[in-house]
Amino acid sequence: MSLTGARERRVRTGGIELCVAELGDPGRPTVVLVHGYPDSKEVWSEVATRLADRFHVVLYDVRGHGRSTAPKPLRGGFTLEKLTDDFLAVVEAVSPDRPVHLVGHDWGSIQSWEFVTVRRTEGRIASFTSMSGPSLDHFGHWIKQRMRRPTPRRVGQLLGQGAKSWYVYLLHTPVLPELAWRGPLGRRWPALLERVEKVTGDGYPAPSLPTDAAHGAWLYRDNVRSRLSHPRPDAYAHVPVQLITPLGDAFLSERLYDGLERWAPRLTRRTLPDKHWIPRTRPDQLGAWITEFVTTVESGRPVPVTDRRYADRFGGQLVLVTGAAGGIGRATALAFAEAGARVVAVDRDTEGAARTARQARLTGAPEAWAETADVSDEQAMEKLAEKVATEYGVVDVLVNNAGIGLSGSFLDTTTEDWRRVLDVNLWGVIHGCRLFGKQMADRGQGGHIVNTASAAAYLPSRALPAYSTSKAAVLMLSECLRAELAGKGIGVSAICPGLVNTDITSTARFTGMDAEEEKRRQRRAARLYGLRGYPPEKVADAILRAVVRNQAVVPVTAEARGAHLMSRFAPRALRAIARWKPPM
C-alpha cells in the first residue's frame with residue numbers, strides 16, 4: 001500500500017532537503033511518523049492510512065533516505081543533534097502552533113528518544129510512541145549498571161543483547177556495508193523480509209533501499225559508540241511515552257526496557273507476539289494503540305490502564321467471545337475489556353450480548369460491540385465472520401465459549417438430543433475455528449484461539465455421555481489445530497473448567513424424565529454448583545493467562561486438575577468413578 005493521495009512538500013534544513021508527506025486534515029492533531037533503518041517513510045504506509053481518518057499524519061524521509069537529500073560529507077552528517085534539527089524543521093513547517101504526537105520505529109525510535117529528552121524540543125511534542133528502538137543514553141546506562149554490579153543473570157542479559165546486536169558491529173566496518181547493500185543484499189532484502197519477518201511488498205521497500213541502507217550506516221557510526229560510552233545523565237522524557245515491544249524481536253531484548261520508568265515516568269507498556277517489522281506486519285494493532293494513546297493525551301486524561309497484568313498484552317486487540325451473554329463468556333469478555341481490548345460479544349440472546357457490550361465499554365474496552373448469532377448455524381456464522389472482518393477487523397483472540405449442557409443415560413438420549421448438543425458444543429467450535437482461524441492465517445500476523453472444553457472431556461461419566469463426548473471432541477480438535485497452526489503463529493488453548501457457578505445448570509437438559517422432574521434436577525444441579533461457589537471470573541482469568549503463556553490444555557478448578565492427573569496416571573480409578581450413579 002503506497003502513500004496514494006499524500007500531499008508532499010520539501011523542507012530545507014542544515015544544507016539538505018527533506019521530503020515530507022502529509023495525509024488527513026491539518027486542523028486535527030498531528031501525528032509524526034519517523035522511520036528506521038534501512039527503511040524510508042513508506043514503511044509507515046499502512047499505519048498512516050489507518051490514522052488519516054482521525055489525525056493529520058506526517059511522514060518524512062530521514063536525511064539520506066528516500067527522496068530526502070544526503071549531507072556532504074556523510075561522516076558526521078547523521079548525528080543525533082542534526083537529526084533533531086531536521087525534526088524541529090519538519091514540525092515548524094507542518095504544525096507551527098500545536099505540539100505533535102511522535103511515533104518512531106527502529107532508528108526512528110532511537111532518534112525520537114533524543115527528541116523527547118532534550119530541552120530544545122519541550123513544548124513541541126505532546127506524546128511519544130516508541131517501538132523497537134531504545135534510547136542510546138538509556139542503553140548506555142543499562143550496560144554500565146550491569147557491568148558495575150555483575151550477577152549471572154545480568155551477565156546473561158549483556159551477552160544475550162550482544163549476540164542480538166551482531167549487525168551493529170558489521171555496520172561499523174568501513175566500506176563493507178555499502179558494498180553489500182548496493183550489491184546482493186540490496187537485491188535480496190525484500191525476499192528476505194518476506195521469508196523471515198512475513199513482510200509483504202505493495203510499494204515497500206522503496207526502490208531507493210540500497211542507497212538508503214548505505215547512507216544509513218552512518219546513523220550507527222556517528223552515534224552508537226559515543227553515546228553508549230558516555231550516556232547523558234539527564235535523558236528524562238518530558239512527555240507521556242507509550243512503549244510497544246514485539247516479543248519476537250530478533251535484534252532487541254525485552255530486558256533492555258527494564259527500569260524504563262526511571263527515565264519515562266508517564267510510561268504505558270504494550271507487548272505484541274510478533275517480530276521486528278511491526279509497522280508492516282501489525283498496522284491494524286499499531287493504528288488502534290496509537291489512536292487510543294493520542295486521543296487520551298489530547299483529552300488531558302491519564303492513559304487508562306485498569307488491569308496492569310494484561311493491558312500491555314491485550315490493549316487495543318480485537319477479541320471475539322461467543323456465548324457472551326452470561327457465565328464464563330460474559331466474565332471473559334469483561335476481563336479482556338479490563339485489559340483494554342476491543343471486544344465483540346456474540347450470543348443468540350441479543351439483549352444479553354448487548355448488556356455485556358455495554359458493561360465492557362464501562363469496564364475499559366476502547367470499543368465493544370454486540371452481535372447476535374447461533375454458533376450452530378453455519379450460514380449465520382459465515383455472515384458474522386464477514387461482518388466482523390469488514391467492520392471491526394481481523395480477530396486477534398477468538399474465544400469459542402458457547403455451549404449447552406445435557407445429562408442422562410446414553411439409552412435415554414435421543415438422536416435429536418445428540419444432534420443439538422453436538423451442533424452447539426462441537427460444530428459451534430468448528431465453525432468459529434474454521435472461519436475466524438482462516439482469517440487469522442490469511443492475515444499472517446498470528447493470533448490465538450481459545451476453545452472452552454470441560455473436565456468432562458477426560459472424566460468419563462455414565463450421566464454425561466453426550467456432553468462428555470462433545471467436550472472430548474473439542475479437546476482433541478484443539479490439540480490438532482494447535483499442531484497445524486503453530487507454524488502460522490496462531491496459538492490454540494483448550495480450557496477445561498470443572499464445577500463453575502454459572503447459569504448453565506438452569507438451561508441444561510435432562511433426558512428420560514418429564515418436565516417437572518427435569519426442573520427439579522435443574523434446581524438440584526444449580527444448588528450443587530452454587531455450593532461449590534467457583535466464580536466464572538476465575539475461569540476468565542485462566543483464559544487470559546492461557547493466551548499470554550500459550551498454554552495447550554488448562555484444567556481450571558481443583559477437581560478439573562485432579563481429574564486431569566488421574567486420567568494420565570490412574571485411568572482405572574476414573575473408570576471406576578464413572579460407574580457411580582448420581583442420586584435422583
Side-chain angles (χ1 to χ4, degrees), residues 305-315 317 319-341 343 345-347 352-353 355-356 359-360 362-365 368 397-405 425 429 448-459 464 467 471 474-475 478 491-508 525-567:
V305 181
T306 53
D307 189 340
R308 294 184 181 274
R309 293 171 302 161
Y310 300 119
D312 64 336
R313 173 66 171 79
F314 297 116
Q317 289 203 339
V319 178
L320 186 144
V321 183
T322 67
I328 293 172
R330 182 176 185 274
T332 301
L334 297 182
F336 277 110
E338 288 180 7
V343 175
V346 178
D347 204 286
R355 284 195 300 269
T356 298
Q359 186 62 40
L362 293 173
T363 302
V397 180
L398 167 68
V399 183
N400 288 308
N401 169 76
I404 59 173
N425 291 3
V429 174
H448 204 97
I449 296 172
V450 177
N451 296 325
T452 302
S454 169
Y458 45 78
L459 178 60
L464 299 168
Y467 181 79
K471 293 301 184 179
V474 168
L475 178 59
S478 302
V492 180
S493 299
I495 304 298
C496 300
L499 301 178
V500 180
N501 190 18
T502 71
D503 59 0
I504 192 173
T505 53
S506 64
T507 59
R527 284 198 299 271
L528 172 63
Y529 278 61
L531 288 172
R532 174 66 176 87
Y534 197 92
E537 287 75 17
K538 287 190 175 182
V539 182
D541 188 66
I543 288 173
L544 269 68
R545 189 166 58 247
V547 177
V548 170
R549 298 177 180 177
N550 192 20
Q551 294 172 289
V553 180
V554 183
V556 181
T557 60
E559 61 272 15
R561 292 192 293 271
H564 190 243
L565 285 173
M566 291 181 69
S567 70

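Remember, it's a predicted structure, so these values are computed and weren't measured experimentally. Values below: all heavy atoms of this structure, side chains included; hydrogens, waters and symmetry mates excluded.
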Subject >> Among Asn401, Asn425, Thr322, side-chain hydrogen bond (donor to acceptor under 3.5 Å, both in side chains) partner for Thr452 >> reply: Asn401

Original post:
Between Val547 and Arg545, is any pair of side-chain heavy atoms under 4.5 Å apart?
Top reply: no

**OP:** Taking the side chain as every heavy atom from C-beta outward, state whether Val319 and Val321 have any atom pair closer than 4.5 Å.
**Re:** yes

Original post:
Does the side chain of His564 reach to within under 4.5 Å of the side chain of Val553, using non-hydrogen atoms?
Top reply: yes

**OP:** Check whether any side-chain heavy atom of Asn550 lies under 4.5 Å from a side-chain heavy atom of His448, and answer yes or no.
**Re:** yes

Subject >> Heavy-atom pair of closest approach, residues Ala563 and Tyr458 >> reply: C-CE1, 3.7 Å

Original post:
Is the closest side-chain heavy-atom distance between Phe336 and Thr363 below 4.5 Å?
Top reply: no

Subject >> Thr557 (side chain) donor-acceptor with Gly498 (main chain) under 3.5 angstrom >> reply: yes

Subject >> Spacing of Glu338 atom CD and Asp541 atom CG [to the nearest 0.5 Å] >> reply: 9.5 Å

Original post:
Taking the side chain from Ser493 and the backbone from Gln551, do they hold a donor-acceptor pair closer than 3.5 Å?
Top reply: yes

Original post:
Counting distance only, does the side-chain N/O of Asp347 pair as donor-acceptor with the main-chain N or O of Ala353 below 3.5 Å?
Top reply: no

**OP:** Check the pair Ile543 / Ile328 against side-chain contact (heavy atoms from CB on, under 4.5 Å), numbers first and verdict last.
**Re:** CA-CA 10 Å; Ile543 288 173; Ile328 293 172; 4.3 Å; yes

Original post:
Closest heavy-atom contact between Ala365 and Ala341?
Top reply: CB-O, 3.3 Å

**OP:** Flag the pair Arg330 / Leu334 as yes when at least one side-chain heavy-atom distance between them is below 4.5 Å, and no otherwise.
**Re:** yes

Original post:
Do you know which two heavy atoms are closest between Ala333 and Val343, and how far apart they sit?
Top reply: O-CG2, 3.7 Å

Subject >> Check: Val539 and Ile495 side chains under 4.5 Å, non-hydrogen atoms >> reply: yes

**OP:** Walk me through it: do Asn400 and Ile449 pass the test side-chain contact (heavy atoms from CB on, under 4.5 Å)?
**Re:** CA-CA 8 Å; Asn400 288 308; Ile449 296 172; 4.0 Å; yes

Subject >> Contact summary for Pro497 and Ala560, nearest pair of heavy atoms >> reply: C-CB, 4.1 Å

Subject >> Residue pair Val397 / Leu320, side-chain heavy-atom distance below 4.5 Å >> reply: no

Subject >> Interatomic spacing from CZ in Phe314 to CG in Leu544 - rounded to 0.5 Å >> reply: 4.5 Å

Original post:
Do the side chain of Arg561 and the main chain of Val556 share a donor and acceptor less than 3.5 angstrom apart?
Top reply: yes

Subject >> Criterion side-chain contact (heavy atoms from CB on, under 4.5 Å) on Tyr467 and Ile404, from CA distance to verdict >> reply: CA-CA 8 Å; Tyr467 181 79; Ile404 59 173; over 6 Å; no

